[in-house]
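Okay, so here's the structure we're looking at.
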Amino acid sequence: MSGIEARPDAAGAAAGGLVERLLAGLPAEAVLTDPDVTASYANDMASFCPSGTPAVVVLPRTVEQVQHIMRTATELRVPVVPQGARTGLSGGANASDGCIVLSLTRMDRVLEVSPVDRVAVVEPGVVNAALSRAVGAHGLYYPPDPSSWEMCTIGGNIGTASGGLCCVKYGVTAEYVLGLDVVLADGRLMSTGRRTAKGVAGYDLTRLFVGSEGSLGIVVRAVLGLRPKPPPHLVLAAEFASASAACDAVCRIMAGGHVPSLLELMDRTTVKAVNDMARMGLPETTEALLLAAFDTPDPAADLAAVGALCEAAGATAVVPADDAAESELLLQARRLSLTALEAVTGTTMIDDVCVPRSRLGDLIDGVERIAAGYDLTIGVVAHAGDGNTHPTVCFDARDPDESRRARESFDAIMALGLELGGTITGEHGVGVLKKEWLAREIGPVGLEMQRAVKQAFDPLGILNPGKLF
């Protein structure tokens, strides 16, 4: 076995006095060993992703405590699985047998907000929405806003390079991470990046850690870039008689040079699910609902121009919101989409395929064919302005045949995405769920180079083993 593949077992960890060694540098309340408690940390929110039994869960509050944990893990050759809020959808935070689960949720301080430098310095356990509120008090804005923003942590966002609803204008997490403090596998502390507006010294190790899913080091502090707080969104809703017509509207909007702060799509299945759950009164007669938003000084004029493009693409109705409150209601409907689809049959598999915008209609049409071929309900929500779709397979996990068809349809959607020139994940990460597909996407040479990077940072293979590849 290579070092990356090697796994110590729980018995070996116990024989080495793992818990006692951890307690030498951690308070007793930070070390959890009750099997009923540690079992609750075994997995994130992904379906079809195996998880193991942790030997112990640790909840440090300081950088020094994280260093002690990693030194102990290295000395005893025990795997470490870093975790945030476990809202991930790829199994990237799932425990392995005999591991230390390193939960960073108690490192939750906003250490600094600088309006002059337009940066925030935060610990990894800060919840995304809490950061947004903290910087908003200074007239600033942290744009990345995953749908789980009220729960997910900045450390988790960095680990998976999260996106969100506003990426079409403002970009993804990677574009806002300026610098990191990282505890390496052997317990050493390394700083990367900067807090200056510009800086190109050496290899960009900061970007290397963003999206690495805890496989290269433990992020314990982040310097995040901020923007001035924009005006409130105004949102437009456009109904279409087909998803392809809605995707045509997306292409017209982007080709026309417009820069919406949000451009989201919900298909008929998703609209119905949201209505069934929240009674929001969305138009169930539509085949696709497109939401466009602007936070410009004159959003009404921008919405009017986009509304005209939607009508030219065949929209059956175009309804601009009158005010911020009505706009927020429409955005709330979009944020509820995945929860509502889960309620359809009780279990979902949420895909995360991203394609060039010009192929968005082809992907959605293909997903419809896949749903029919496997006799399944698959709702599609999308960050349409990015070409990032979330086809959501609804199935009954108690039915073995339906579960099999769900997994096969999920793979068929990823294959379709690659055929259309896309990628298997736009923002959820690889984790356990998409390991085989990562190898297909990047090819054997790419895989070899990625493994070489992993070996350089983690020669014993103890950091989040079994993830990515």
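Keep in mind it's a predicted model, so treat the numbers as computed, not measured. Computed over heavy atoms, backbone and side chain alike; hydrogens, waters and symmetry mates excluded.
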Within the side chain of Thr173, is there an N or O that forms a donor-acceptor pair under 3.5 Å with the backbone of Ser162?
yes
Passing candidate, side-chain hydrogen bond (donor to acceptor under 3.5 Å, both in side chains) with Arg227, options Tyr142, Tyr176, Tyr170
Tyr176
Between Leu447 and Phe469, is any pair of side-chain heavy atoms under 4.5 Å apart?
yes
Glu436 atom CD: more than 12 heavy-atom contacts under 6.0 Å
no
At what distance, to the nearest 0.5 angstrom, does CG of Leu331 lie from CG of Leu336?
11.0 Å
Does the distance from a Lys or Arg side-chain N to an Asp or Glu carboxylate O, for Lys169 and Asp386, drop under 4.0 Å?
no
Assess whether a salt bridge exists between Arg268 and Glu287, defined as any Lys/Arg side-chain N lying under 4.0 Å from an Asp/Glu carboxylate O.
yes
Just grab all the side chain to side chain donor-acceptor pair (under 3.5 Å) pairs involving residues 316-326, residues at least two apart or on different chains.
none
CG/Leu341 to OG1/Thr269 distance, rounded to the nearest 0.5 angstrom?
7.5 Å
Taking atom CD1 of Ile158 and atom CG of Leu224, what is their separation to the nearest 0.5 Å?
5.5 Å
Please report the shortest heavy-atom distance between Leu236 and Leu303, naming the atom on each side.
CD1-O, 3.4 Å
Inspect the contact between Glu150 and Arg133 and indicate whether a charged nitrogen and a carboxylate oxygen are less than 4.0 angstrom apart.
yes
Going through the distances and angles, do Glu427 and His383 end up as a side chain to side chain donor-acceptor pair (under 3.5 Å)?
CA-CA 11 Å; Glu427 57 188 7; His383 309 306; 2.8 Å; yes
If you draw the axis of the six-membered ring of Phe395, does the NZ or CZ of Arg405 fall within 45° of it and under 6.0 Å from the ring centre?
no
Keeping Ser96 on the side-chain end and Cys99 on the backbone end, is there a donor-acceptor pair under 3.5 Å?
no
Side chain to side chain contact (heavy atoms under 4.5 Å, CB included) between Leu463 and Lys454, intermediate numbers included:
CA-CA 9 Å; Leu463 281 169; Lys454 167 72 169 173; 3.8 Å; yes
Listed pairs under 3.5 Å, donor-acceptor, residues 361-374 side chains, sequence neighbours left out:
from	atom 1	to	atom 2	distance (Å)
Asp362	OD2	Arg359	NE	2.7
Asp362	OD2	Arg359	NH2	3.3

What distance do Leu89 atom CG and Leu338 atom CG have between them, rounded to the nearest 0.5 Å?
7.5 Å
Are the side chains of Lys434 and Met414 in contact, using a 4.5 Å heavy-atom criterion?
yes
May I ask you to say whether Glu123 pairs ionically with Arg109, meaning some side-chain N is under 4.0 Å from a carboxylate O?
yes
